[in-house]
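Atoms within each ligand, like the ligands themselves, are counted from 1 in listed order. In what follows, every heavy atom counts, from backbone to side chain, and hydrogens, waters and symmetry copies are set aside. Computed from a prediction, not measured in an experiment: that's the story for all the values here.
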Amino acid sequence: MTEIYLDANATTAVLPAAIDAAARAMKECFGNPSSSHATGIRAKTLMSQVRQRAARLLGAGDGRLMFNSGATEGIQTAVLSALCALRERQSAGQRIGKFLLYGATEHKAVPESLMHWNRLLGLNLELKKLPVDQDGQHDLEALRLLAGDAALVCTMAANNETGVISELAQIEAVLQQSGSDAYWLVDCVQALGKMQLDLAATRIDYATFSGHKLYAPKGVGMLYVRPGAPFTPLIMGGGQESGQRSGTENMAGIAALGAVLGALEDGVTFRSHQQLHGFRARLVASLRLAFPDIVFNQPLEKTLPTTLNFSVPGLASKELLDLFDAAQLRVSSGSACSAAKSAPSYVLDAMQLPLWRSSSAIRMSFGPLADDAFISAACARIEHCGLAWRQGAAAAPSAAADPVVRFNLDGVNAWLVADDASRSCVIIDPSSLLAPRLAAYVRNHGYQLRAILSTKALPMQDNARCELARALGSDAEPGAGNDAFGWPAPDSSELMLGERKFLCKRQSEHQAYLLGSAGEEPFAPHFAFIGELPAAAIESTLIEPDTLLCPAHDETGRLCTSLRAEQNPAHEESASGMHLEAAALAQFLAAHPGALLVDVREAYEHAAGMTSAPGQTVLHVPLSRLASHLSLWLRGAPVPLVFFCRSGNRSDKAVACLRRLGYRNAWHVSGGLALGNPVLRLDYPKAA
Ligand code: PLP
């Protein structure tokens with residue numbers, strides 16, 4: 001299965017013509033453009049041809065276009081130039097305005113540079129965010145109010161997360177009407193090749209560009225400076241680029257950028273806007289088919305035709321990323337995302353989208369080189385992912401282990417305990433965001449919902465419990481004979497679930513649920529569902545030192561623990577460092593013939609792309625089912641277990657958990673499947 005790369009707003013592959021141009025520049029036109037001999041003159045000529053081409057394409061007129069390392073450098077240079085000029089004007093007693101105004105959805109390079117240079121230059125102007133509306137476009141009324149007091153205005157041309165296109169003409173009109181003399185920086189990184197720019201016809205003072213967002217290599221970019229706009233070099237030295245940016249030029253990068261600009265000019269290499277709109281509509285249709293509840297986080301008619309940003313109710317961005325990545329489909333989360341918690345996207349927050357959308361967003365972006373065949377393959381892969389998700393949701397729990405399943409969203413757990421013989425289940429600590437997934441799981445498995453329990457007392461109308469009960473048409477709804485914890489038998493502390501028994505332990509505000517075999521005397525619970533860790537608050541009389549404690553809150557990804565582990569910090573220390581490099585795996589397996597490989601990716605990832613290891617046994621134990629298997633492993637003979645996952649993050653957590661619980665024979669493959677591995681092979685369903 002070939003990789004489908006849909007993350008063009010992060011970076012693109014390099015255009016073959018650009019690779020050729022870079023190779024030619026390195027082999028044949030390798031001169032230093034500052035040298036006066038013929039080799040140098042050839043390099044200089046190449047550079048000025050690329051500059052002229054860029055000036056034509058961007059409508060730079062008499063403005064200056066200098067080559068640099070990319071947009072972050074361009075932004076530094078523009079900010080430094082504007083702030084140095086403001087400082088001079090301030091020292092000369094001129095009025096300069098008090099705000100450094102920047103769009104609330106700007107790339108971090110803008111506010112960070114403003115903050116940095118404002119402090120270093122001792123200007124102490126006030127950084128002020130220009131709000132955006134719900135469509136992500138700048139609030140022009142707010143700009144009208146602030147423009148008169150702005151010393152510098154920074155507004156991007158198109159947003160990298162959402163593709164929302166800024167209304168530059170309207171921004172310019174507001175600046176004009178309010179008589180603002182602010183300098184104006186426009187970050188054009190995402191606009192290059194996707195929007196018509198006619199820089200000299202505007203009052204834009206500085207515009208920044210980056211090669212790697214449009215099929216040129218990383219490390220080359222351009223800065224446009226309007227004639228008459230102040231300029232201060234960021235880098236001093238040999239006086240290259242007419243003294244504006246010293247340092248011998250990146251000729252391979254400039255040549256490659258020239259080839260990309262040439263492709264833009266030829267009008268045939270890249271797809272037209274109309275074609276790109278058609279491509280995106282097809283992706284949208286496939287996404288809707290794959291995830292019927294999907295919501296798009298941007299107004300499609302106001303965005304670049306190459307960007308999609310969406311959320312799916314009940315699915316964390318991490319889960320969607322894992323699913324897509326398992327199917328070799330590369331996308332990115334719309335927000336910075338760590339394993340346990342997805343940080344909400346400040347861009348979507350600025351658009352005032354609900355938290356669940358800003359923290360679970362996925363960005364899918366392609367470049368204008370995409371063609372019909374690529375989009376067809378991408379659509380098929382998206383639909384395959386939808387199917388894999390549904391198959392994963394319906395995957396039967398392993399019969400061998402206790403049927404305890406963990407559902408997690410951003411560090412909050414819900415637990416489901418099932419009894420397959422009686423097709424019934426109990427859910428503990430559902431949250432509103434997880435309710436749709438829990439409901440789908442219960443429905444897919446044909447379970448009867450016996451109770452929805454909480455570890456803390458909740459109002460009768462608690463949303464999550466009510467939503468879940470209603471979605472399943474269950475009488476587990478609070479108020480229907482249940483107490484504030486959802487316990488269905490207020491006059492008894494026991495609840496039977498097939499061969500297993502729940503025992504509830506109430507402690508004022510909290511309640512813990514112990515689960516064990518009904519027939520075991522004395523009762524020895526395998527699991528205790530508790531609200532918070534550490535478990536010190538729980539009365540330990542009924543809990544064995546090795547009972548698995550399953551928390552409702554798990555911000556740090558500890559998964560499960562036990563009283564013994566909690567009381568023995570040495571276990572925690574030994575929990576890390578059990579990494580096996582990909583290259584060392586074969587050797588490890590040869591030295592440990594009884595070792596088992598354990599894939600901790602989720603069932604939907606297995607459905608999207610299976611792993612096999614010829615000659616080895618691979619167990620599929622999704623991290624969500626780890627608790628079930630822990631109770632087996634901890635009671636059995638300690639065979640060496642080697643965990644792996646997509647990137648090494650979850651397998652690391654699994655190993656840490658096992659070791660914390662005293663299981664020493666656990667390892668994990670660092671870097672996971674993402675780095676490739678001589679032992680582990682990815683297999684894909686034919687239809688995908
Ligand atoms: N501005 C925007 C809108 C971007 O998307 C990026 C890259 O992510 C940058 C600036 C920084 O560009 P570069 O990687 O060339 O420094």
Got an N/O contact under 3.5 Å between His107 and ligand 1? yes
Taking the non-hydrogen atoms of Glu106, is any one of them nearer than 4.0 angstrom to ligand 1? no
Using a 4.0 Å cut-off to any heavy atom of Gly70, which atoms of ligand 1 qualify? 15 (O)
Tell me which one of Lys218, Lys108, Lys213 gets a heavy atom nearest to atom 8 (O) of ligand 1. Lys213
Which of the ligand 1 atoms, numbered from 1, are nearer than 4.0 Å to a heavy atom of His212: 13 (P), 14 (O), 15 (O)
Output the list of atoms in ligand 1 that are nearer than 4.0 Å to some heavy atom of Ser210, sorted by atom number. 13 (P), 15 (O)
Structural part of Thr72 in contact with ligand 1, heavy atom criterion under 4.0 angstrom: both
Once you round to the nearest 0.5 Å, how far does CD of Glu112 lie from CD of Glu106? 12.5 Å
Which residue supplies the protein heavy atom nearest to atom 12 (O) of ligand 1, what is that atom called, and how far is it? Ala71 CB, 3.3 Å
Can you see whether Asn250 engages Ser69 through a side-chain donor-acceptor pair at a distance of less than 3.5 angstrom? no
Identify the closest protein heavy atom to atom 10 (C) of ligand 1: which residue and atom is it, and at what distance? Asp187 OD2, 3.4 Å
Considering non-hydrogen atoms of the protein only, which is the closest contact for atom 5 (O) of ligand 1, and what is the distance? Gln190 NE2, 2.9 Å
Which class fits the ring pair Phe324 and Phe291: parallel under 30°, tilted 30 to 60°, perpendicular over 60°? perpendicular
With atoms numbered from 1 as shown, which atoms in ligand 1 lie under 4.0 angstrom from a non-hydrogen atom of Met156? 3 (C)
For Ala109, which part has a heavy atom under 4.0 Å from ligand 1: side chain, backbone, both, or neither? neither
Considering all heavy atoms of both residues, which atom of Asn297 and which atom of Ala361 are nearest to each other, and what is their separation? ND2-CB, 3.6 Å
Taking the six-membered ring for Trp, are Tyr215 and Phe270 closer than 6.0 Å centroid to centroid? yes
Does a salt bridge link Lys318 with Asp322, judged by any charged N lying under 4.0 Å from a carboxylate O? yes
Flag, side chain of Glu249 to backbone of Met47, donor-acceptor distance under 3.5 Å: no
Salt bridge check, Glu265 against Arg53: does any charged N sit closer than 4.0 Å to a carboxylate O? yes
